[in-house]
Amino acid sequence: MRQWLTLGLLAVATLSTAQLSGAEKKGLEDTLFIGNFNLKDLEFARRPYESPFRLPLVNLSIDSPLMASDRLMEVHSKGGRASVQDMIVMTGSELGIKAVTAPATPVSTDVFPKELPAEFVEPIRRLGLAVALANTYVRMAQAKLKPSEIRALIEGLPQWAVEEPSVKFEFAKGPMLPQMALLESMGKVDLSAMLVGAKALVSTVEQELANLKQLAAATKWEGFLKFKIAEMVTVVAGVGDDSHRDRDARLVIDLGGNDSYYGRAGAGPGHAALLIDLAGNDQHKLPDVGAGCGLLGIGLAYDFGGHDSFRGGSLCYGSGVGGVGVFFKEGGDDSYQSSTLSQGFGCFGVGLLIDTRGSDLYKVELLGQGAAKTQGWGQLIDRTG
């Protein structure tokens, strides 16, 4: 009886979008009184064991549900207006992220294709070097892992997170590691480096976006170029209607047009990647590990304007599994549909889907839309529409 009453009260409490008011807390106290309980009865010891992977907020939820409810609603309320960078900082704080030593800033002497309009060269160079720096943070995070362990985590973490044998991932070829071995390997990963690397990349993106939008709005260039920045595959497409199928591109920038995406632009399986699409009515039909997925890596995707259709397999549109995945959409009436571990899912990391406005439709089959598991933070923020 005590357990069901507590759960029922929490369900009522979480319907609000802000902290519980004094009147609401008094109402809960009165309701408990009917069952011969009081507010202190919600704070009995309920932690049969401790875990190094359990978030402080989860411990607070176990020890003091009302305080945790207030904290969770406070964070979610801030998400309604915070920038992507602020969201990374805030969720990193909730995950207990520590400071890390900044790596050396990458440099590039790459000669860009002469077909690329000159005004785009330096903004794209800066974004490319920002992705290269984020890659350095990813390598820092993985430094204690053997290559075989990295591969085993990339394949095994999603299987472990989904806990449903019928769900298959196209990239998972080998058997999943036993739980103890998987957790032991994951314990070697420096999630702080992942979060700091994601924050650094987001910071550069937010600095460059206004200028890049202005340049894109003024250009008539319709080219499609594939080249390298700091040894990373880079794709830059103009304002025409383009088809993106690359699975190896770390930086993809599309200046406009009604585009189609079939590859892994903005997805980071084991590395860092960035996608920026600046305009147009776009169609996404993605494989597993798609735009906005960080799978033991960092994957950021930004899409601006247009009425877009986002279709995908598992791990896309804001999925952080062993890393950081962010999908940011500004404007338009959009449709999202994906399988599992998507649309704001986190496990040993952060997954954020942020849609600023428009009349949108969201569909996910399992574990998504603001869902999280062990040491994870998942959040879907739809601000208006």
Side-chain angles (χ1 to χ4, degrees), residues 75-76 78-80 82-92 94-95 134 157-158 161-162 191 194-195 197-199 201-202 205-206 252 261 264-269 272-277 282 284 286-304 308-330 332 334-358 360-373 375-383:
V75 171
H76 194 64
K78 289 180 179 178
S83 67
V84 176
Q85 184 177 0
D86 289 341
M87 289 298 301
I88 295 292
V89 172
M90 186 163 52
T91 55
E94 295 298 329
L95 267 66
L157 271 175
V162 78
L191 287 178
M194 291 283 190
L195 266 292
K199 176 181 175 292
L201 179 54
V202 169
V205 171
E206 293 184 353
V252 177
Y261 289 87
R264 289 208 168 106
L274 171 65
L275 162 66
I276 300 176
D277 186 297
D282 305 317
H284 289 237
L286 306 183
D288 292 341
V289 189
C293 171
L295 176 55
L296 207 68
I298 299 169
L300 307 180
Y302 293 75
D303 190 293
F304 297 91
D308 302 327
S309 173
F310 302 112
R311 300 288 182 271
S314 298
L315 297 119
C316 53
Y317 309 130
S319 178
V321 179
V324 182
V326 178
F327 192 89
F328 179 88
K329 177 63 194 343
E330 183 176 273
D334 309 308
S335 173
Y336 298 85
Q337 185 170 333
S338 43
S339 297
T340 65
L341 314 182
S342 299
Q343 298 178 29
F345 175 82
C347 178
F348 292 108
V350 174
L352 301 174
L353 169 55
I354 302 173
D355 190 298
T356 64
R357 62 181 182 272
D360 306 311
L361 174 68
Y362 300 88
K363 292 184 179 181
V364 69
E365 295 176 16
L366 179 66
L367 288 175
Q369 298 180 355
K373 301 196 75 170
Q375 205 172 11
W377 186 280
Q379 201 165 4
L380 189 162
I381 299 172
D382 186 293
R383 290 178 173 164

Review point. Going from SG on Cys293 to CG on Leu315, what distance comes out if it is rounded to the nearest 0.5 angstrom?
Key: 4.5 Å
Review point. How long is the span from the CZ atom in Arg311 to the OG atom in Ser335, to the nearest 0.5 Å?
Key: 3.5 Å
Point to revise | Closest heavy-atom pair and its distance - Ala82, Met87 | key: CB-SD, 3.9 Å
Point to revise | Full working for side-chain contact (heavy atoms from CB on, under 4.5 Å) between Leu274 and Val252 | key: CA-CA 6 Å; Leu274 171 65; Val252 177; over 6 Å; no
Check your understanding: Looking at Leu157 and Gly322, what are the two nearest heavy atoms and their distance?
Key -> CD1-CA, 4.1 Å
Study note, to complete from the structure: Nearest heavy-atom contact between Thr340 and Ser314 is OG1-OG, 2.7 Å
Review point. Does the side-chain contact (heavy atoms from CB on, under 4.5 Å) test come out yes or no for Arg264 and Val289, once each step is laid out?
Key: CA-CA 7 Å; Arg264 289 208 168 106; Val289 189; 3.6 Å; yes
Practice item. Verify side-chain contact (heavy atoms from CB on, under 4.5 Å) between Asp382 and Thr356, making sure each step is shown before the conclusion. Key: CA-CA 6 Å; Asp382 186 293; Thr356 64; over 6 Å; no
Exercise for review: Report yes if the side chains of Asp303 and Glu330 come closer than 4.5 Å at any heavy-atom pair, otherwise no.
Suggested key: no
Study note, to complete from the structure: Between the OG atom in Ser83 and the CE atom in Met90, the distance rounded to the nearest 0.5 Å is 9.0 Å
**Study point:** Short side-chain to backbone donor-acceptor contact, Ser342 and Ser338, under 3.5 Å
**Key:** no
Check your understanding: In terms of the angle between their ring planes, are Tyr362 and Tyr336 parallel, tilted or perpendicular, with boundaries placed at 30° and 60°?
Key -> parallel
Review point. Which heavy-atom pair separates Glu206 from Val84 by the least distance, and what is that distance?
Key: OE2-N, 3.3 Å
Practice item. Assert yes or no for the condition that the ring centre distance of Tyr261 to Phe310 is strictly below 6.0 Å. Key: no
Review point. Between atom NE2 of His76 and atom CD1 of Ile381, what is the distance when rounded to the nearest 0.5 Å?
Key: 6.0 Å
Point to revise | Inter-residue atom distance Cys316.SG - Gln343.CD, 0.5 Å rounding | key: 7.0 Å
Review point. Counting distance only, does the side-chain N/O of Gln369 pair as donor-acceptor with the main-chain N or O of Gly344 below 3.5 Å?
Key: no
**Study point:** Check against side-chain contact (heavy atoms from CB on, under 4.5 Å), Phe345 and Val321
**Key:** CA-CA 8 Å; Phe345 175 82; Val321 179; 3.9 Å; yes
Review point. Any side-chain heavy atom of Ser339 within less than 4.5 Å of one from Val364?
Key: no
Review point. Going by an N to O cut-off under 4.0 Å, is there a salt bridge joining Asp334 and Lys329?
Key: yes
Review point. Within a strict 4.5 Å, meaning less than it, do heavy atoms of the Leu95 and Trp377 side chains meet?
Key: yes
Check your understanding: Is any side-chain heavy atom of Asp86 closer than 4.5 Å to a side-chain heavy atom of Lys78?
Key -> no
Review point. Nearest heavy-atom pair of Leu300 and Ala198: which atoms, and what distance?
Key: CD1-O, 4.4 Å
Review point. So, for Leu191 and Phe348, which heavy atoms are closest and what is the spacing to 0.1 Å?
Key: CD2-O, 3.2 Å
Practice item. On the 0 to 90° scale, with breaks at 30° and 60°, tag the Tyr302-Phe328 ring pair as parallel, tilted or perpendicular. Key: tilted
Review point. What is the distance from atom CG of Asp308 to atom CG of Asp277, rounded to the nearest 0.5 Å?
Key: 7.0 Å
Review point. So do the side chains of Val162 and Leu366 get within less than 4.5 Å of each other, counting heavy atoms only?
Key: yes
